[in-house]
S.K.: 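A single structure is presented below for examination.
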Amino acid sequence: MKRNADSALNVLGKTTYIDDMPENSDMLHAAIVTSPSAHGSFTGLDARAALAYAPGVRILVAADVPGQNELSTSIPDEPMLSTGDWHFRGEVLALVLAPTRSVARKAAALVKIEGRVDLPAIVDPRAAYANGDVIMTPRTQRLGDPEAAFKLCDVVVSGRVESAGQEHVYLETQGAIAYPEDSGGVRVFSGTQSPAGVQAIVARILGVPMNLVEIETRRLGGAFGGKEDQASGWAALASLGAVKTGKPVKLYLNRRDDMNSTGKRHPSSSDFKIGLKKDGTILAFEADYYQNSGAATDLAPAIIPRTLFHAASAYHIPNVRATGIMCRTNLVPFTAFRGFGGPQGIFVIECAIEKAARELGMDPAEIQQKNLLSEGDVSHYGMQMADVRGKETFEQCMKKAGWPELRAGIAAFNAKNKAYKRGAAVLPLCFGISFTKIMLNQGGSLVHVFNDGSVSVATGAIEMGQGVGRKIAVVVSRALGAPLSSIRIESTRTTTVANTVATAASTGTDINAMAAQVACLEIKKRLVAIAAARLGIDAATVDIADGRVFSGGKHATVPGPGGDGMVALTFAALAKAAYENRVDLSAHGFYATPGLHYDMKAEHGSPFLYHVYGCAVVTATLDVLRGSYRFDDAFIAHDIAESIDPLVDMGQIEGAFAQGLGWSCLEELKFDGSGRLLSDTLSTYKLPDAHFMPEMHVDFCTRPNPKVVANSKAVGEPPLMYGIAGYFAVLDALKAARPDAPSFHDLPMTPEKAMLFLTGDLAGVLEKERS
Ligand code: MTE
Ligand code: HPA
Ligand code: MOS
């Protein structure tokens with residue numbers, strides 16, 4: 001069965017992305033001129049050679065911006081076009097327009113920077129912190145009294161943890177096409193997770209009210225957070241070109257420009273201290289997270305609290321202090337990436353547990369199990385945990401993996417083999433669902449039933465491959481009683497549903513399917529009244545399901561067209577009757593997530609509607625001579641609740657796990673000391689592929705979640721965390737090879753690092769890299 005309106009098109013390569021749209025003959029193509037170093041200043045640009053290169057070349061700079069030259073949604077620290085200095089390599093200095101893309105790119109290469117002065121660049125977050133280069137005041141969440149608790153502990157260990165960034169590698173790079181309008185505004189096709197966000201920025205750049213800017217997004221070839229805030233610059237540049245020239249302008253980044261000039265997952269450097277009793281009970285945990293924010297604020301103030309919220313991960317720890325510091329460096333402004341700061345926090349507590357386990361001579365899994373959250377526990381941010389499914393999914397997963405036998409089997413293998421060592425690790429999951437910025441937890445819809453019974457559904461949701469359109473269609477079909485095949489999910493447009501939020505925080509279905517359901521129930525009420533009148537019965541006995549009207553549980557029938565014989569009263573006939581009776585067949589729906597509150601000063605409240613739980617066991621086999629390894633099995637028990645579409649959800653779990661495994665073990669986002677991105681092509685940035693993945697064995701915990709539409713749970717981000725188990729599975733194998741060497745907590749666990757660990761050279765190499 002066709003799962004998703006796009007699946008067949010995707011398989012056939014027929015899906016129309018923005019770059020595939022038919023082009024107008026007068027369309028101009030844009031290319032960007034970017035900063036050549038991580039920090040510098042310039043006095044101007046010499047565009048003579050570029051303008052002379054071909055007829056019709058135009059160059060736009062900061063002075064051409066009619067409105068405000070600013071992309072940030074918080075602290076104004078991110079000009080769209082540089083104004084005399086630059087703060088990261090890849091910053092946009094000028095926009096070049098030309099009749100073809102190739103001419104635009106060649107002309108852009110001819111633009112000369114005048115009066116260039118390179119300035120010292122800071123790439124390390126701790127160096128930035130020491131320099132006082134922080135964004136906003138650091139935030140601290142607390143519970144109990146860790147200082148006092150450490151004194152009561154049998155074991156206290158501390159350590160340092162590094163995690164690298166991650167490139168989104170969405171298949172479709174960033175871009176937009178802007179059409180000028182006679183109003184002075186623009187109509188834009190933008191590759192964004194947040195059309196309303198892009199609308200606000202484009203209006204600001206052009207200096208026009210938001211009602212002169214219409215943004216449309218049909219779908220994205222992937223986003224993973226990279227197009228939550230960072231799609232607006234490209235749409236705004238194209239819009240600027242369109243109003244300046246009166247012609248449509250298309251700006252599409254090639255892969256290298258995209259990798260150099262757009263944000264990625266935040267690299268993070270942390271210090272931790274953990275205290276436990278002899279039996280493995282964790283009494284206290286402290287951590288400082290130095291987030292490498294890059295050169296601009298972007299979403300850092302929303303991402304750092306998610307790191308803090310996940311500081312204790314799936315565990316109840318009675319004494320916690322977690323401090324998040326946003327450090328401004330001369331790297332590309334880092335941004336949202338699946339997990340949104342959560343993975344960076346979760347990795348640290350898992351490193352602390354791994355180190356403590358070693359000290360106590362225990363298996364980390366024992367400590368993990370002993371400290372899992374229980375019903376009613378109060379988190380370190382003051383939220384009482386309800387409907388906790390941590391222990392349940394942990395047990396489900398361990399049973400599936402056959403943990404004790406698995407462990408014994410690995411020990412026996414390792415005792416016999418010198419050239420290969422096996423390892424295993426467990427990762428329990430608890431991930432909070434809702435935008436960390438409470439205001440963003442809202443959404444709207446507009447539903448039309450046409451008088452032939454076909455249905456059009458518009459919401460703020462963006463389809464980026466995650467299947468949100470499919471899930472909304474299923475919910476709409478159930479709510480209206482219309483056949484699934486009659487439902488079309490419209491492209492997302494700011495003029496259809498206004499003031500929406502980004503499709504992010506895994507809440508796309510939670511928010512938008514709920515808003516759609518609200519509208520559908522309104523229309524259904526009207527249709528039921530029509531049916532009741534038509535059938536001459538009480539509306540309370542009428543229902544509509546699967547495209548048919550039911551009365552008292554049986555198919556309702558009406559006289560056929562010729563007057564002779566009875567025919568079923570269908571959804572389509574009902575829609576026609578409503579139209580003939582002048583009944584409104586359209587409705588708008590709105591949903592705001594209830595019950596959220598958070599006091600930023602006290603760092604206390606209930607910021608999430610609920611949590612997603614789960615557990616993963618990952619096993620690995622290490623080649624001790626080469627440092628290479630392969631993952632054997634992944635056993636996952638995932639809290640999916642009542643799945644709206646199990647196949648879609650399974651795809652999300654497998655995909656997120658692959659992305660998490662990539663971040664933890666393989667993908668190496670590498671900058672040199674001068675702030676140059678070394679891994680800026682797909683030949684230098686290694687992605688996980690099918691061969692890299694272990695055999696996956698996924699089970700669901702299907703208990704309904706009454707807090708959400710259709711008793712479901714969000715799925716997009718949480719399973720990414722399971723990938724972290726991959727790091728520890730390889731580490732476990734490495735420890736079997738060199739039992740006396742100290743562990744290291746420097747993600748990703750590349751084969752290169754594994755090799756250096758095995759030869760005894762890793763500590764020295766890491767030391768050198770850090771200094
Ligand atoms: N799946 C695909 N195929 N492509 C994507 O870009 N983005 C992820 C996740 N799954 C993504 C994806 C991220 S970062 C989020 S927040 C959610 O999908 C957003 O969609 P949802 O809220 O509808 O789950
Ligand atoms: N997740 C993703 N995107 C966001 C969030 C969040 O919690 N808050 C603001 N934007
Ligand atoms: Mo996802 S990082 O919330 O777009």
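Computed from a prediction, not measured in an experiment: that's the story for all the values here. Just follow the structure's listing: the first ligand is 1, and inside any ligand the first atom is 1. All residue numbers in this chain count up from 1 along the given sequence. Because only heavy atoms are used, hydrogens play no part in the values below, and waters and symmetry mates are left out as well, while side chains stay in.
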S.K.: Could you state the interatomic distance from CG (L308) to CZ (R321), rounded to the nearest 0.5 Å?
M.R.: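 Between L308 CG and R321 CZ, I get 10.0 Å after rounding to 0.5 Å.
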S.K.: Report yes if G225 has an N/O atom closer than 3.5 Å to an N/O atom of ligand 1; otherwise report no.
M.R.: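 In this structure, G225 places no N or O atom under 3.5 Å from an N or O of ligand 1.
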S.K.: Starting from atom 4 (N) of ligand 1, which protein heavy atom do you reach first, and at what distance in Å?
M.R.: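 Atom 4 (N) of ligand 1 sits closest to the protein heavy atom M464 O, 2.9 Å.
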S.K.: Check the side chains of T335 and D229 for a donor-acceptor pair under 3.5 angstrom, ignoring hydrogens and angles.
M.R.: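 No - no donor-acceptor pair under 3.5 Å links their side chains.
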S.K.: Could you tell me the residue and atom name of the protein heavy atom closest to atom 20 (O) of ligand 1, and the distance to it rounded to 0.1 Å?
M.R.: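 Answer, as residue, atom name and distance: Q466 NE2, 3.0 Å.
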S.K.: Is R389 positioned over the aromatic face of Y613, cation under 6.0 angstrom from the ring centre and no more than 45 degrees off axis?
M.R.: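 No, R389 does not lie over the aromatic ring of Y613.
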S.K.: Side chains of residues 513-521: which donor-acceptor pairs under 3.5 Å do they make with residues two or more places apart or in other chains?
M.R.:
none

S.K.: For A505, is at least one N or O under 3.5 Å away from an N or O on ligand 3?
M.R.: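 By distance alone, the answer is yes.
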S.K.: Check each protein residue for a heavy atom under 4.0 Å from ligand 2 and list those that pass, ordered by chain and number.
M.R.: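 Residues E228, A302, R306, F340, S434, F435, T436, K437, L440, A504, A505 each place a heavy atom under 4.0 Å from ligand 2, listed by chain and number.
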S.K.: Show me the pairs that pass salt bridge (charged side-chain N to carboxylate O under 4.0 Å, His left out) and involve residues 161-170, at least two apart or across chains.
M.R.: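 Every salt bridge (charged side-chain N to carboxylate O under 4.0 Å, His left out) pair that includes a residue of residues 161-170, provided the two are not neighbours, is R160-E162, E162-R770, E167-K264.
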S.K.: Give a yes/no verdict on whether any heavy atom in G655 is under 4.0 Å from an atom of ligand 1.
M.R.: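 False for this residue.
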S.K.: Would you call the rings of F635 and H697 parallel, tilted or perpendicular if under 30° counts as parallel and over 60° as perpendicular?
M.R.: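 Aromatic pair F635/H697 classed parallel.
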S.K.: Classify the side-chain pair S190/T217 by whether it contains a donor and acceptor separated by less than 3.5 Å.
M.R.: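 Side chains of S190 and T217: no pair found under 3.5 Å.
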S.K.: For atom 1 (Mo) of ligand 3, what's the nearest protein heavy atom and its distance?
M.R.: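 That would be E717 OE2, 3.7 Å.
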S.K.: D649: which residues meet the salt bridge (charged side-chain N to carboxylate O under 4.0 Å, His left out) condition with it, sequence neighbours left out?
M.R.: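 Partners of D649 by the salt bridge (charged side-chain N to carboxylate O under 4.0 Å, His left out) criterion, ordered by chain and then number, come out as K471.
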S.K.: To check your reading of the model: name the closest protein heavy atom to atom 15 (C) of ligand 1, its residue, and the distance in Å.
M.R.: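 Its nearest protein heavy-atom neighbour is E717 CG, 4.1 Å.
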S.K.: Could you tell me whether R338 approaches ligand 3 through its side chain, its backbone, both or neither, with non-hydrogen atoms closer than 4.0 Å?
M.R.: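 Backbone only; the side chain of R338 stays clear of ligand 3.
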S.K.: Which value, rounded to the nearest 0.5 Å, describes the distance between I346 atom CD1 and C430 atom SG?
M.R.: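 Going from CD1 on I346 over to SG on C430, the span is 8.0 Å.
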S.K.: May I ask you to list the atoms of ligand 1 that are less than 4.0 angstrom from any heavy atom of G465?
M.R.: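 Those of ligand 1 that fall under 4.0 Å from G465 are 2 (C), 3 (N).
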S.K.: Counting heavy atoms only, which of G226, G508, P719, A513 comes nearest to atom 22 (O) of ligand 1?
M.R.: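 Ranked by closest heavy atom to atom 22 (O) of ligand 1, first place is G508.
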S.K.: Give a yes or no on whether a salt bridge exists between E216 and R218, defined as a side-chain N under 4.0 angstrom from a carboxylate O.
M.R.: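 Looking at R218 together with E216, the answer is no, because their closest N to O distance does not fall below 4.0 Å.
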S.K.: Rounded to the nearest 0.5 Å, what separates atom CZ in F309 from atom CZ in F340?
M.R.: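 These two atoms lie 11.0 Å from each other.
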S.K.: Nearest protein heavy-atom contact for atom 1 (N) of ligand 1: which residue, which atom, what distance?
M.R.: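 So the nearest neighbour among protein heavy atoms is Q652 NE2, 3.1 Å.
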